[in-house]
Structures are given as C-alpha cells and as structure tokens.
Amino acid sequence: MSFKRKLYLGFGSVIATMITIAVIGLVIIQEQKQSMQILVNENYERMRLVNTFQFEINNTARMVRDVILKKENEFTQEEEKLISVSRRNTAYAVEKLKQFETSENVAELITTLDELNQSYEIGFQKISALLHEGKKEEATKVLIEDYRDVRLGLVSTVEKLIEIEETAMNDAVAASKKMFERTLSGFLYLLAIGFLIAIAITSWVIKSIMSRITKVNTVISNASNLESNKLPRIEEISKDEIGEIALAYNRMAESLEKHMDQENLLKEKMQVENWVKSNFIDILSMYQGIQDVQSFANLFISKITPITGASYGAFYLKSENASMFSKLAAYADDHDNAKKVFYKGEGLLGQAVLENRMISLDQVPENYIKIRSGLGESTPRYVKIIPISYEGKVIAVFELASFYPFNEQHERLLEIIYRTVGVSLNSILGHMKIEKLLAEAQTMTEELQSQSEELQQQQEELRMINEQLEEQYKKSEEKTKELEKIKLDLEEKNRHVELSSKYKSEFLANMSHELRTPLNSMLILSQLLAENNENNLTEKQVEYANTIHSAGKDLLDLINDILDLSKIESGKMEIFPEEVLFTDIKRFVEHHFSPVARQKNLEFEIVVDDNLPYVFMTDNQRLKQILKNLLSNAFKFTHQGKVTIEFKLCNNNKINKSLAHKHVVAISVTDTGIGIAKDKLQLIFEAFHQADGTTSRKYGGTGLGLSICKELAQLLGGFIEVESTLGKGSTFTLFLPEYDISLDQSHLSTQEAAAAILEDTNLIEEIVEHDECENLSESFIESNGEQSIELKNMKELIAGKKVLLVDDDMRNIFSLTTALEMNKMVVVFAENGKEAIEILQNQRDIDLVLMDIMMPVMNGYDAIKAIRNMEEYQSLPIIALTAKAMKHDREKCLEAGASDYISKPVNLDQLLSLIRVWLYR
C-alpha cells in the first residue's frame, strides 16, 4: 500500500472517528444545555412567581394598614389604585403558576392558593367599602380578625410552595450535575477509543504528522485529569484536518466550561445567601433580652469574630459626654498591645467613626498587633473596622483581625450587621441610661447626706482645734500653720458641698423635665376622659379618669414643692414685690377653700381687720402660695368644727425687733383639728418631716409644705409662728412687713382699687410659673361676670383655627392634638424646629404656634428666632411650652420672640384661655 493511500486512509479514519466523537459530544452538550434551560426557565420562573405573590400579599396588607392608621378618614383614589394594582399582580402570579405543568401536590397547593387569594380579595373588597364609608374600626376588625385564618393559610401555602420549589431546584441542579458527569465519562470513553485508533494509525502514518497528533492527543488526555472547571486548549492549529479537529475540541471545551461555570456560580450564590442569613439570625437571637451593653458587647464580639474567620476582635463604645470611644470587650485580647481608648478622627478607628464607613486593610505590617496562643504568636494580615451607627450617629465600632482574607460571605454579613445592629444597641443604651439616672439619684442623695454629716463632724473638729490653738497660739508658730492648712481643707470641702448642692439643683430640674413630659400627656388625656364629651364612658370609668387626673395633679404639686424648696436652698428664688389688694386675697382663699369646707361640713370664716390698708406691697404669688399651704393643712387635719383665717395689723408686742419700725401684717390660720405636740412644733418646719412620721401615719403627704412656707416667709422678710394644743387645734401666724415704698394708694376705696386692677389690660395675659396664671384668671373672671361669660362663649371662636404643634415627644403630640381637635381646631405637628419652619414655608394658613423648647436638631429658642426673621410671621402668635422649669425660662422665651409662655404639665383650660387671648387680642 502506497504512502499516499496510507495517508488518505489513515487521515480519513482519524477524521471519521473525530467527527463521530464531536457529533456525539455536541449531542450530549445540547442535552445538557436543554436541561439547564429547564432549570433556569421553569424552576426559576415558578420560584419568582411564588416570591412575587408573597411580596404583593404583604404589600397590599401594608398599604391597607397605612390607610387605616393615618389620621385622615379619606380613602383616596390613588391609594385605592395602588392596592388594586397590587391585587392584580397577585392574581397574575397565581394564573401564571397554574399554566406550568407540575406535580399533583404542587397543583393542589396552587389551587388552594388561588381559592385563598379569592377569599382574601373578597375581604379587601369589604375593607375598601368600609374605608370609603370612614369606618376604620370595622375595617381593622375585618383585616385582623375576620380574615385571620385566610391570611395564615396564604402564608402557610406560600411557604410550602417555596419549600417545594427550592427542593425542585436543588434536585434539578443535582440531576444536571449527574448528567454532566455521565456526559464527561462518555466523552472521555469516546476520546479513549479515538486515542487508541489514533495510536494504531500513527504507527503506519508518516512521521511528519506524528508530532501534531501527539500534541492533540496530549491535550485531550490532560483534560480528563484536571480538577478545576478550566479545560485545556489546543494552541497550535494547522490548516488541515487535524486543525479542524482542534477547533472543534476548543469549541466543545469552551461550551462545557460555560455550563460548568453557570452551575457553580448558582450553587455558590445559594450557599453564600444561606450562610449569611442563618448567621445573621443567630446573631439577632443571641442578644434578645440583654439589658446591659457590657453583656451585649461580650456576646457580640465572641460571636462575630469566629463566624467571620477572624482570630482577634475588639468592641469600642462611645462615651456619653465626649467623642471618646473606650474598649468594652475583646476576643483573644492582648492587653499589652491593644488600644484601650481613641477619639473621633484619631487613627483608622477614629477615621471610620468620622466617615461612618467600614475600613479594610490588606497586608498589615509585621509590628501591627500580635495574636498569641500557648504555642506562639503571629501578626494578622487582614483587618476590618466596622462602625455601628444609629440615625446617622456612630455609637460604637468593632475591629476584626484575621490571618486570612475575608471572603464574600463574610463581607455581606458584616455589611448587614453594619446597617442593622445599631437599633438594638441604642435600645440597650437607652435602658441603661434610665437605670443609671435612677441609681445616680439615689447615690447623690446618699452622698449629700454623707457629706453633710462629714461637714458637721469637721465643724466640730474645727471648733476643738480653734480652742486648742487659742491656748497655744503664742507658744507655737508651727501650730498656726497647721490651723491654716486645716482651714484651707475645710474651705475646699465646703466648696465640694456647694458643688454637690448645685448638682442636686440641676438634677432636680432635669428630673422635673423628665417627669413633667409624661405627666403632661397623663393630665390632658385623663381630663378629656373625665369630661366624657362623647358620653361613651360609664360612671365608673369617669371616676377612674378623675382619680388618674387627681393623682397626676398631686404628683405635679409634689414636683413643684421640691423645685421650690430646691430654688430656695440654692438662692435662686426671686421675689417680685407688687401691689396686693386684700379683697383679692380674700376672694382667692374663699374661692379655693369654701368648696372644701362644704365638702367636709366645716365652718370657714374669713376675718379682715378694718384698719388694714387696701393695698399692701409684697410678692403676690408667694403670699398666695403660703396661704394655700397653711389652709390646706388646716382643712386636712380638721374633721369637725371650723377653720378661721384672719387678716390684721400686728401689735408691737407680737413682732420681731427687726420689724418693729415697719408696717407689719399678721395673717393667722386657726383650726379645731388634731393639734401638734410641743416636742413636734419645730420638727414640722423641716423638709420631709411631719408630726406623725411613722409608716402607719393616718395622714399622707411629703412634709414639704410647711418647710416651703417657712423659707418663703423669710424671703418675704417675715416669719411664721405656731401655737398648738394637742387634740384642740393649732394657729399658724404669718408676719409680713411691707416693702419700703410709698403707700399713696392706701386711701383708695375698695371699689376704686378693684376697678384699677380690672382695667389693667395685661392682667389676663400674664403667665408665670406653676398655678399663678390660674389664680389670676380666676380673680379676673370672678371680678367681672360679663367677661367670664364671654370667655366661656369663646370656645366657638377657636373652632377651625389652625395650630402648629412643635414637640419631639409623641405622647405630648398625641394628647395635645386630641384635646385641641376636641375643641374643633385643626392641628399639624412637627418633631423639631427645622420641620416647623418647613411647614410654615409650605402652609401659609397657620393661625398660632405651640413651641416646645427642649428638642433635637433645632431647639425652641432657635426656631422662634428663625420664625420671627420671616417677614410674614413677625406677628404670628407663638406660645412657648417647656417642662424644665429653670430660672429665667420665661424671660428667655420672650427674648427669643415668643408671644407668651406656659409650663408643663399644661393645664388644658389655661392653655385654651391663652390661645383665645392671642387669637383675638
């Protein structure tokens, strides 16, 4: 046989064999491709439709819930259209699912899903009809109660379908993988046959083509031994039959690689997603119920470090009053090298806090940090710094170090934690802050008592030392120096005591703010319930509401008493002398205590000496406060008989020498009550003390009233004396001097003096701390019957007026909005000053603004100034609300541009009167 014939025969045989192998391979590849298309097109499409159905069901429920919860009763066409679109998408998803050929079990689930969805559609039609009619409560009942089983059935059925489809996808992936393995085995078998044929042919084919065939054979043989998804390629391709075989093989290898890459990519994505979700759920469930940040930090860092493959971790928490972060917990801590604290902007940790973003480091230097064990130590190569933020502010940061790079699933888990864990941490910090405030209050009280005892002891020691130094002064100069040193130490300790007193005052002011804020909502809402304007409450429920309101007022009185006592002790209580009309004082006590006397079946007598001047100079508010406390005690401890209050000029033999040259008025409160033992007469004027201080005492109270009366009397330049007989009654006498100003108005008649006061147009507009406004308004209304009737009728005048309520506490917003809307006013609200300004810029029909002072972002002072800088709102009535009750708060509000001022808890009648005044001034 000639060489040419052998060549033709050999190459023909090889070509025929390779073509056969290529055709079989392409057929198998086509089958593999079809299998993957089924996996992607059918299984994935069914899965997508089930997820779409689940999303649209949840979206529909969310939109209906939003419509029910919003304040307006109107069910807009736009809202109805959005809900209808969501329902159509749900029905479309079910219809598409029914078109697929599925197993009997899946078909039944789809049928069940369709039936439940149709029932759910009927429910939404009912809800839509109820919403159009404004029946939100009935709609809520239909949504939550009537279709609860349908909703639960939908959730259960969707979960079953998702589980079945996931199982189907996994089975399809496994089948594809198995088919690929069979394909690869068969293809390798065919290649082996072709390889044997090629060897047989090459034995008698010319040596010139041996090298090419050997290279092709080597490449094909190596393909079966590779562990990766990359198949080798034939690089040298000649322009002959062998070259065509090489091209066919390269195309086949490329197609196989694509299919393998798609399969592996899908598998890896599912594995990463499952790993991230499961570990994130584990971390969330880990710190459920934790109430302190230390436990949270320990659990968090000990969990997240091993999960991400790191070998070292540290958790830093932001300090309360500084930009400093301190290490709170660590994993594999190295106390010698790890940083204990850092500041914002300092180093990489500080930079991560400053920019509020994660920072990654690769190839860390050798001297960065050492991770140690019992066997040795080494330096990590990769570092992650992740800040934890809440509402855009970084509150903590944690750092992870690893010998190996963080993979994709680690990165995704850290990204989710970076965006979500701040809410839980902020909740724990808020709980701890409340506990800390309570503990600090108790500790401060104990420290103050301890320091007071220590000061008394030191004063006694100083007295003894002074006596010794007086005897030894001439003998020892060294003793004198020692005395000076002791004196300096004592002065330093006195300064500490004064500082503690200052902290006490600031604490009481802050606690007043924290207590008045929830108390404001409680008083307003309980008053609205007690009024029962809609007549939908039982008598018992109205009685409960009155009890709640009464308890709240008692708590407010206690807060006011504590603040007054604190202001007096710290020297911050100021006196404002003014002309006081005795007829006004008489009217005040008669108005407040005549109903009490009638209720307790007691006789109440008011005696005014004819020799008294008509006008008396003193602080009207403080005088009324003293009289109110004395009369309250008299009625409290008197069960039968009478209570008498007498106003008279003081006899010279009754007054203190320091007051002998002044005009002195004596106001006596006499009762026929239980009386006071002689050994208790001085004790009752001490704060928190009572004549009966046992736990079984019959009469309640805090024991602050008489202490405040004593201090206020001294501030007014007078004093209080008490005479009492146990079992027969007591007499408390207030001696007050008149301030040194001219008494030219003493000749005025009662009618002229009363008329002069009533003509003061600013009387009803004067708003002061606590109940002064209430007392002034009562005097004004009682003195002028016509104006009283006018004020009562003015409720109709405020109907329809638009009020902007600015407060960061949703409880106050809710309570005040409810109260104002019950008076037919229109209320819009903002949670800080910045939002209030934006509302005023967009809504030009605001009639009045109620502005809280202490708010985030922009406080009340800045907001009022900004509003007054707007030309169209320079005369807009702005009433400032505050719960802190600090000194000069009213002056600060008026200087900022407020029209008036009222303190929390807000007296609803007082607030409405104030609103009427400023709307129609």
Side-chain angles (χ1 to χ4, degrees), residues 39 41-70 75-76 78-172 270 273-274 276-278 280-282 284-285 288:
L39 171 64
N41 295 335
E42 294 187 6
N43 293 347
Y44 173 77
E45 182 63 19
R46 288 200 300 271
M47 190 66 161
R48 186 187 67 80
L49 290 172
V50 172
N51 287 330
T52 299
F53 181 85
Q54 185 181 35
F55 170 79
E56 294 296 343
I57 284 291
N58 293 334
N59 188 42
T60 304
R62 177 186 61 77
M63 289 189 289
V64 172
R65 184 178 67 251
D66 290 344
V67 173
I68 293 175
L69 292 179
K70 73 176 185 177
F75 184 29
T76 64
E78 184 179 355
E79 292 170 338
E80 184 176 15
K81 181 179 180 181
L82 291 174
I83 294 175
S84 300
V85 171
S86 181
R87 296 299 304 148
R88 287 199 298 272
N89 293 339
T90 306
Y92 174 78
V94 175
E95 291 300 322
K96 293 296 291 185
L97 284 171
K98 291 165 65 177
Q99 295 176 5
F100 286 99
E101 295 183 1
T102 58
S103 63
E104 183 177 354
N105 185 25
V106 174
E108 291 178 356
L109 288 175
I110 294 174
T111 303
T112 302
L113 190 68
D114 189 21
E115 293 173 353
L116 290 172
N117 186 50
Q118 292 176 4
S119 298
Y120 208 38
E121 177 65 26
I122 294 173
F124 276 112
Q125 294 298 328
K126 293 180 179 179
I127 293 171
S128 177
L130 290 172
L131 290 175
H132 278 297
E133 296 174 3
K135 300 179 180 179
K136 286 192 175 182
E137 293 184 359
E138 290 84 345
T140 304
K141 181 176 180 302
V142 172
L143 178 64
I144 297 178
E145 297 180 7
D146 296 353
Y147 283 84
R148 181 176 179 271
D149 294 338
V150 174
R151 188 170 63 255
L152 293 176
L154 284 171
V155 173
S156 175
T157 305
V158 169
E159 289 178 350
K160 290 179 181 179
L161 279 174
I162 291 175
E163 182 180 358
I164 291 173
E165 292 303 330
E166 287 180 348
T167 303
M169 286 189 69
N170 292 334
D171 293 343
M270 292 180 66
E273 190 69 23
N274 291 335
V276 171
K277 289 181 178 179
S278 62
F280 178 65
I281 292 173
D282 288 343
L284 283 180
S285 60
Q288 294 295 326

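The first residue of the sequence shown is numbered 1, and numbering continues consecutively from there.
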Close side-chain approach of N117 to F53, heavy-atom, < 4.5 Å:
yes
Look up atom CZ in R87 and atom CG in N89, then write down how far apart they are to the nearest 0.5 Å.
10.0 Å
Do the side chain of N274 and the main chain of M270 share a donor and acceptor less than 3.5 angstrom apart?
yes
So, taking the atom named CG in L109 and the one named CD in E159, what distance separates them when rounded to the nearest 0.5 Å?
12.0 Å
Taking all heavy atoms of T60 and all of S86, pick out the closest pair and write down the distance.
OG1-OG, 2.6 Å
Do the non-hydrogen side-chain atoms of K96 and T52 ever get within less than 4.5 Å of each other?
no
Rounded distance (nearest 0.5 Å) linking atom OG of S84 with atom CZ of R88:
6.0 Å
Under a 3.5 Å distance rule, please check whether T157 uses its side chain to pair with a backbone N or O of G153 as donor and acceptor.
yes
Please lay out, stage by stage, how N58 and R62 fare under the test side-chain contact (heavy atoms from CB on, under 4.5 Å).
CA-CA 6 Å; N58 293 334; R62 177 186 61 77; over 6 Å; no
Distance-only donor-acceptor check, side chains N51 and R48, under 3.5 Å
no
About how many Å separate OG1 of T90 and CD of E95, when rounded to the nearest 0.5 Å?
12.0 Å
Pairing residues for E273 by the side chain to side chain donor-acceptor pair (under 3.5 Å) criterion, not counting sequence neighbours
R412
For residues Q54 and I162, determine if any side-chain heavy atom of one lies less than 4.5 Å from a side-chain heavy atom of the other.
yes
Quick check: closest heavy atoms across L82 and M63, and the distance to 0.1 Å?
O-CE, 3.5 Å
